[in-house]
Amino acid sequence: MKLFSNKNTVQKIQAEDNKKDNQNTNFGLASMVVGLVSVVLSCLYAGFLGIIGFILGIVSLIKEEPKKGKAITGIVCSTVAFFISICILVGSSMDLSGYTENKEEQATAEISKEPGKTEKPAETKELE
């Protein structure tokens with residue numbers, strides 16, 4: 001009779017463990033989904049969603065959820081997406097800053113010319 005009661009106890013413990021596994025993986029799963037979506041959309045400057053995925057992954061690890069793989073995947077993907085977005089943002093701003101500096105130099109050169117005086121083309125100057 002004792003064996004029968006031990007079987008029930010073991011089954012109850014296993015049922016409780018399975019219930020905990022199913023309930024506590026939400027933050028890890030959310031972190032993984034947000035991280036993967038932010039990697040895909042990082043070229044559209046949506047990699048900043050990675051901050052949310054990173055936070056969800058950290059919360060999942062702090063709560064000591066049993067399945068840590070999803071949380072770690074979410075943290076890694078979110079971090080990668082965030083840095084891709086930063087690189088794209090910095091790269092595009094560097095390109096634009098060079099363009100605007102050249103325009104400013106051209107505008108300054110045009111303003112410094114004396115009004116009414118036009119420069120002769122280079123070929124004409126050599127002939128004189």
Side-chain angles (χ1 to χ4, degrees):
M1 201 67 176
K2 256 185 174 178
L3 293 174
F4 186 73
S5 66
N6 287 339
K7 254 186 186 178
N8 285 338
T9 306
V10 170
Q11 288 175 349
K12 286 179 184 178
I13 291 172
Q14 287 175 348
E16 288 175 9
D17 286 343
N18 290 338
K19 192 183 275 188
K20 287 179 184 176
D21 286 348
N22 291 336
Q23 289 177 349
N24 292 335
T25 58
N26 294 335
F27 284 110
L29 180 64
S31 171
M32 185 177 70
V33 169
V34 171
L36 291 172
V37 167
S38 62
V39 165
V40 171
L41 298 177
S42 63
C43 294
L44 302 173
Y45 302 111
F48 294 103
L49 289 173
I51 296 171
I52 297 169
F54 184 82
I55 292 170
L56 288 172
I58 296 296
V59 167
S60 175
L61 290 177
I62 289 173
K63 285 182 116 183
E64 296 179 359
E65 294 181 358
K67 297 180 181 177
K68 295 180 178 163
K70 293 177 184 177
I72 292 170
T73 302
I75 290 171
V76 170
C77 289
S78 298
T79 305
V80 167
F82 182 74
F83 283 118
I84 289 173
S85 288
I86 293 291
C87 290
I88 289 173
L89 185 66
V90 168
S92 65
S93 67
M94 286 175 55
D95 185 30
L96 292 176
S97 65
Y99 178 74
T100 55
E101 286 175 7
N102 291 339
K103 287 293 184 184
E104 288 175 5
E105 289 173 7
Q106 290 175 357
T108 307
E110 288 178 11
I111 292 172
S112 64
K113 289 182 185 176
E114 293 180 21
K117 195 175 188 182
T118 57
E119 286 187 23
K120 297 180 181 176
E123 297 172 0
T124 317
K125 287 182 180 179
E126 291 177 6
L127 294 176
E128 291 178 357

For residues 28-39, which side-chain N or O atoms pair as donor and acceptor with protein atoms under 3.5 Å away, sequence neighbours left out?
residue : atom : partner : partner atom : Å
Ser31   : OG   : Gly53   : O            : 2.8
Ser31   : OG   : Gly57   : N            : 3.3
Ser38   : OG   : Val34   : O            : 3.1
Ser38   : OG   : Gly35   : O            : 2.8

For Ala81 and Ser42, work out which heavy atoms get closest and say how close. O-CB, 3.8 Å

If you compare all heavy atoms of Ser60 against all heavy atoms of Phe27, which two are closest, and at what distance to 0.1 Å? CB-CB, 3.8 Å

Can you tell me how far SG of Cys43 sits from CD1 of Ile84, rounded to the nearest 0.5 angstrom? 6.5 Å

Rounded to the nearest 0.5 angstrom, the CG-CG distance for Leu56 and Leu61 is 11.0 Å

Do you know which of Thr79, Thr73, Val80 makes side chain to side chain contact (heavy atoms under 4.5 Å, CB included) with Cys77? Thr73

